[in-house]
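Written out below as structure tokens is the structure these notes cover.
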Amino acid sequence: MTPDPATPAPDAESGAEVADEQVSADNAPESGTNRKRHFGRDLAVIVIAALVLTILLKAFVVQVFSIPSGSMENTLLPGDRILVNKLVYRFRPIERGDIVVFSGSGSWDPATPGPSNPFVRFWDDATSLVGIAGPGTDYVKRVIGVPGDHVVCCNAQGQVTVNGVPLSEKSYLFPGAVPSQVRFNVTVPSGRLWVMGDNRGDSADSRYRRTDPGSGTIPESAVVGRAFLIISPPSRITDLPIPNTFQQAGFRAAAAVAAAPPAEVGGGVAVAAAGTLAWRRRRRH
């Protein structure tokens, strides 16, 4: 069939013009609505990724805790936020002098299962990420005795001794505080720890837990991690090293414990003193 001469066939130039128009249309700027949609999507991805990463860090690596009371003064002050290493005890044992955060559930406090409501659990996790969770069953104390240690208060100089070695505690005890007004004589059972606050006059610690499971000691399995850094407020930022007194060579003489007897806290003095601190027992330390 012969083409109609009145209808000219498109030439190369006209084809090029069509292609150019298509390219121009493809490169046209996005509308404001599309830009906002893409920005919102990218922002949501970033927030979700950051939240997931933070939850993983909190669950396995580090966690922030807030100090609610004065039981560890002046090492830790009320309102301090501390960073707790949750991995360190996978690589080394808990050591004397470590400041540890531990759960009192089932030892110093009744066993408390977590909330069954997933939204409540999520909220608890979210607030604990930055150390603003409300009071619970987590405590912070200094480890004085590890499994097998014989911890006594006090020698003729009024010092706490561990395996017969006196502790020089002036560097970390609350100014003017004595090592303990409560006498005790403890052999720490296997798998447990004897812990005390640095503010001995205001710390409901192992000395006052005679009637609790473990006779005041806490299970090593309850330890969340080691407090190693104060991160807030800015004026308080510092590390939390083990005091030199816990590096004494005599501590290495501690006998290994396979079947140690339960901890024994000296006599009625501890029981009587515990009554004066009963009102503190429900406080979070």
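Computed from a predicted structure; not experimentally measured.
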>> Treating D212 as the side-chain partner and S215 as the backbone partner, does any N or O pair qualify as donor plus acceptor under 3.5 Å?
In response: no
> Q247 versus I242: any side-chain heavy-atom pair under 4.5 Å?
Replying inline: yes
> When clusters are formed by joining ILVMFWY residues with side-chain heavy atoms under 4.5 Å apart, either directly or through shared neighbours, do V88 and V143 land in the same one?
Replying inline: yes
>> Can you confirm whether E73 sits close enough to P78 that some side-chain heavy atom of one is under 4.5 Å from a side-chain heavy atom of the other?
In response: yes
>> Ignoring hydrogens, what is the shortest heavy-atom contact between V188 and V146? Give both atom names and the distance.
In response: CB-O, 3.4 Å
>> Can you see whether T217 engages R192 through a side-chain donor-acceptor pair at a distance of less than 3.5 angstrom?
In response: yes
> Cut-off 3.5 Å, side chains only: do R207 and S180 have a donor facing an acceptor?
Replying inline: yes
> Under 3.5 Å, side chain of N163 to main-chain N/O of V165, donor-acceptor pair present?
Replying inline: no
> Are any of the side-chain heavy atoms of Q248 and T245 separated by less than 4.5 Å?
Replying inline: yes
>> Using the rule that Ile, Leu, Val, Met, Phe, Trp and Tyr join whenever any side-chain heavy atoms are under 4.5 Å apart, tell me whether V152 and F184 fall into a single cluster.
In response: no
> How far does CD1 of I82 sit from CD1 of I230, to the nearest 0.5 angstrom?
Replying inline: 8.0 Å
> Parallel, tilted or perpendicular: which fits the ring planes of W108 and Y139, with parallel below 30° and perpendicular above 60°?
Replying inline: perpendicular
> Should M72 and I67 be marked as a side chain to side chain contact (heavy atoms under 4.5 Å, CB included) after you check the CA-CA gap, both sets of side-chain angles, and the distance that decides it?
Replying inline: CA-CA 9 Å; M72 284 293 291; I67 304 302; 5.7 Å; no
> What distance separates F246 CZ from Y172 OH, expressed to the nearest 0.5 Å?
Replying inline: 3.5 Å
>> The test is side chain to side chain contact (heavy atoms under 4.5 Å, CB included); show your working for N185 and H150 and say whether it passes.
In response: CA-CA 7 Å; N185 190 330; H150 184 207; 2.5 Å; yes
> Measuring from R81:CZ to I237:CD1, what's the distance to the nearest 0.5 Å?
Replying inline: 12.5 Å
> Quick one: are D149 and W194 in side-chain contact, heavy atoms under 4.5 Å?
Replying inline: no
> Does the side chain to side chain donor-acceptor pair (under 3.5 Å) test come out yes or no for K141 and S206, once each step is laid out?
Replying inline: CA-CA 10 Å; K141 301 293 179 190; S206 288; over 6 Å; no
> Ion pair present between R200 and E169, side-chain N to carboxylate O less than 4.0 angstrom?
Replying inline: yes
> Any idea which heavy atoms bring D198 and R142 closest together, and the distance?
Replying inline: OD2-NH2, 2.8 Å
>> Checking N199 against S71: is there a side-chain donor and acceptor pair closer than 3.5 Å?
In response: no
> Can you name the nearest heavy-atom pair linking V195 to D205, along with the distance?
Replying inline: O-CB, 3.5 Å
> Is it true that V178 and M196 fall in one hydrophobic cluster, defined by side-chain heavy atoms closer than 4.5 Å?
Replying inline: no
> How close do P166 and Q159 get, heavy atom to heavy atom, and via which atoms?
Replying inline: CB-OE1, 3.5 Å
> side chain to side chain contact (heavy atoms under 4.5 Å, CB included) between V62 and V84: does it pass, once the steps are laid out?
Replying inline: CA-CA 5 Å; V62 294; V84 173; over 6 Å; no
> For the residue pair V162 and I144, what are the closest heavy atoms and their distance?
Replying inline: CG2-O, 3.8 Å
>> Strictly distance-based, threshold 3.5 Å: is any side-chain N or O of S232 a donor or acceptor partner for the main-chain N or O of P234?
In response: no
> Honestly curious: do F174 and V140 fall in one hydrophobic cluster under the side-chain, below-4.5 Å linking rule?
Replying inline: no
>> Just so I know, are the side chains of T75 and L240 near enough to count as touching, which here means a heavy-atom distance under 4.5 Å?
In response: yes
>> I want to check something: taking the side chain as every heavy atom from C-beta on, are Q63 and V101 in contact at a cut-off of under 4.5 Å?
In response: no
> So, D80 and R236, do they make that salt bridge, N to O below 4.0 Å?
Replying inline: yes
>> Restricting to non-hydrogen atoms, name the atom on G79 and the atom on P233 that form the minimum distance, rounded to 0.1 Å.
In response: O-CD, 4.4 Å
> Roughly how far, to the nearest 0.5 Å, is the OG1 atom of T238 from the CG atom of L229?
Replying inline: 7.5 Å
>> Side chains of D138 and F102, heavy atoms from C-beta outward: is any pair under 4.5 Å?
In response: no
> Is the number of heavy atoms from other residues, nucleotides or ligands within 6.0 Å of CG (D239) greater than 12?
Replying inline: yes
>> Just so I know, are the side chains of C154 and R183 near enough to count as touching, which here means a heavy-atom distance under 4.5 Å?
In response: yes
> What about F65 and L76, same hydrophobic cluster or not, with Ile/Leu/Val/Met/Phe/Trp/Tyr joined at side-chain heavy-atom distances under 4.5 Å?
Replying inline: yes
> Between R92 and D98, is there a side-chain N and carboxylate O pair less than 4.0 Å apart?
Replying inline: yes
> Nearest 0.5 Å, what's the CG-CZ distance between L83 and F228?
Replying inline: 4.0 Å
>> So, taking the atom named CG in L173 and the one named CG in N74, what distance separates them when rounded to the nearest 0.5 Å?
In response: 10.5 Å
